[in-house]
Amino acid sequence: MFQTASYTGTKADNYQLVIKQLRALLEGERNRVANLSNASALLNQFLERINWVGFYLAEGEELVLGPFQGLPACVRIPFGKGVCGTAASEKKIQRIADVHAFPGHIACDAASQSEIVLPLLKDGHLIGVLDIDSPEKDRFDEIDEQMLAAFAAVLVDYL
């Protein structure tokens, strides 16, 4: 049974604890939907000052909405469009301090001000992206980027 932990260490230490919790949640389970659902729920309870966290899965030349926590979202995003589509087409993390300054930003939730999107790659192939939005500008920093990349790498092992 999952229990919420107290996150009282440094930011990096707290992320390490969340990654440990992720491994425990995913151990022995190979169902993609179940694992993505638990991963989004775990990040939602851990991360502060966010308004959406979830996954878009690669299907052809677009991303299709997967498990998430937050308000209803855009269902399909073409590769190369918006922050998620750019992360997918470039296969690179996108950490955007002000989404309104990002050319072609897709506003699924008007409250979102900043965003981080991490491509999920398995054997060099794009599975999808992890997308996290915040109602604060410049919410995500280099530690978030590094530790969320580590989180995503563990998750991909179970997909």
Side-chain angles (χ1 to χ4, degrees), residues 11-12 15 18-19 21-22 25-26 29-159:
K11 188 176 195 175
Y15 267 112
V18 167
I19 291 169
Q21 290 174 316
L22 177 68
L25 279 171
L26 304 181
E29 182 54 63
R30 297 312 259 180
N31 182 276
R32 181 179 284 193
V33 172
N35 288 341
L36 292 172
S37 297
N38 270 335
S40 64
L42 179 61
L43 285 175
N44 191 57
Q45 68 86 30
F46 167 67
L47 292 169
E48 298 174 343
R49 306 176 338 269
I50 65 165
N51 57 314
W52 200 92
V53 56
F55 299 94
Y56 282 91
L57 303 175
E59 190 175 291
E61 291 298 312
E62 65 183 357
L63 297 168
V64 179
L65 182 64
F68 70 93
Q69 304 279 312
L71 293 177
C74 302
V75 175
R76 294 181 182 273
I77 300 173
F79 285 7
K81 299 289 184 185
V83 180
C84 289
T86 299
S89 65
E90 295 181 4
K91 296 182 181 178
K92 292 183 182 174
I93 295 171
Q94 302 292 309
R95 180 167 42 110
I96 309 302
D98 180 357
V99 296
H100 303 292
F102 188 88
H105 173 251
I106 300 169
C108 294
D109 182 345
S112 295
Q113 299 292 315
S114 63
E115 186 171 7
I116 188 166
V117 180
L118 300 98
L120 303 174
L121 303 170
K122 187 163 193 152
D123 301 323
H125 294 84
L126 182 76
I127 297 171
V129 299
L130 166 57
D131 179 22
I132 307 170
D133 293 2
S134 173
E136 278 180 22
K137 286 187 177 169
D138 206 20
R139 158 63 181 84
F140 306 102
D141 62 19
E142 192 170 314
I143 294 172
D144 292 305
E145 183 175 329
Q146 291 171 353
M147 299 309 290
L148 287 167
F151 183 96
V154 168
L155 176 60
V156 165
D157 286 342
Y158 292 88
L159 298 178

Just to verify, what does A97 make a side-chain contact (heavy atoms from CB on, under 4.5 Å) with, not counting sequence neighbours? D138

Any non-hydrogen side-chain atom of I132 less than 4.5 Å from a side-chain atom of L47? yes

In chain order, what residues pass the side-chain contact (heavy atoms from CB on, under 4.5 Å) check against L71, with sequence neighbours excluded? D109

Can you list the residues that meet the salt bridge (charged side-chain N to carboxylate O under 4.0 Å, His left out) rule with E61, with sequence neighbours excluded? none

So how far is it from N38 CG to L22 CG, rounded to the nearest 0.5 Å? 9.0 Å

So the salt bridge (Lys or Arg N to Asp or Glu O under 4.0 Å) pairs with at least one residue in residues 149-159 (sequence neighbours excluded) are none

Sub-4.5 Å side-chain heavy-atom contact between L36 and Y158: no

Donor-acceptor pair, K91 side chain versus G124 backbone, under 3.5 Å? yes

Would you say that L120 contacts F55 through its side chain, given a criterion of any heavy-atom pair below 4.5 Å between the two side chains? yes

Which pair of non-hydrogen atoms, one from L65 and one from A73, has the smallest distance, and what is that distance? CD1-CB, 4.0 Å

Hey, could you give me each pair passing side-chain hydrogen bond (donor to acceptor under 3.5 Å, both in side chains) that has a residue in residues 118-128? Not counting sequence neighbours. none

Flag side-chain contact, heavy atom, 4.5 Å: D131 against L63: no

Under the salt bridge (charged side-chain N to carboxylate O under 4.0 Å, His left out) test, which residues partner R32, sequence neighbours left out? none

Please list, chain by chain and in numerical order, all residues satisfying side-chain hydrogen bond (donor to acceptor under 3.5 Å, both in side chains) with E29, sequence neighbours excluded. none

Compare all side-chain heavy atoms of N51 with those of S112 and state whether any distance is below 4.5 angstrom. yes

Looking at N44 and Q69, would you say the former's side chain and the latter's main chain have a donor-acceptor pair under 3.5 Å? no

Gap separating the OG atom of S114 from the CZ atom of F140, nearest 0.5 angstrom: 5.0 Å

Stepwise side-chain contact (heavy atoms from CB on, under 4.5 Å) test for I19 and M147: CA-CA 9 Å; I19 291 169; M147 299 309 290; 4.2 Å; yes

First locate atom CD1 of I93, then atom CG of L148, and finally report the distance between them rounded to the nearest 0.5 Å. 8.5 Å

Would you give the length of the straight line joining atom CZ of F102 to atom CD of E115, rounded to the nearest 0.5 angstrom? 8.5 Å

Taken to the nearest 0.5 Å, the spacing of I77 CD1 from S89 OG works out to 12.0 Å

List the steps, then state whether side-chain contact (heavy atoms from CB on, under 4.5 Å) holds for D133 with I116. CA-CA 7 Å; D133 293 2; I116 188 166; over 6 Å; no

Could you tell me whether the side chain of R139 reaches within less than 4.5 Å of the side chain of R95, counting heavy atoms only? no

Got a sec, which residues hit salt bridge (charged side-chain N to carboxylate O under 4.0 Å, His left out) with E90, two or more places apart in sequence or on another chain? none

Is any side-chain heavy atom of L121 closer than 4.5 Å to a side-chain heavy atom of V156? no

Please enumerate all residues that pass side-chain hydrogen bond (donor to acceptor under 3.5 Å, both in side chains) together with R49, with sequence neighbours excluded. E136

Using atom types as modelled and distance alone, determine if a side-chain donor or acceptor of Y15 lies under 3.5 Å from a backbone N or O of A150. no

Of all the heavy-atom pairs spanning G54 and S40, show the shortest one and how long it is. CA-CB, 4.3 Å

Passes side-chain contact (heavy atoms from CB on, under 4.5 Å), L159 versus L155? Steps please. CA-CA 7 Å; L159 298 178; L155 176 60; 4.1 Å; yes

Partners meeting salt bridge (charged side-chain N to carboxylate O under 4.0 Å, His left out) with K11 (sequence neighbours left out): D141, D144

What is the minimum heavy-atom distance between P119 and L126, and which atoms define it? CB-CD1, 3.9 Å

Results of side-chain hydrogen bond (donor to acceptor under 3.5 Å, both in side chains) for E48 - residues two or more places apart only: none

Applying side-chain contact (heavy atoms from CB on, under 4.5 Å) to Y56 and V64, what does each step give before you reach the verdict? CA-CA 5 Å; Y56 282 91; V64 179; 5.9 Å; no

Does anything in residues 60-98 form a ring pair (Phe, Tyr, Trp, His ring centres under 6.0 Å)? List the pairs, not counting sequence neighbours. W52-F68

With a 4.5 Å heavy-atom cut-off, do L130 and V117 have their side chains touching? no

Once rounded to the nearest 0.5 Å, what's the spacing between atom CG of L26 and atom CG of N35? 4.5 Å

Thinking salt bridges, do E62 and K81 make one under a 4.0 Å N-O criterion? no

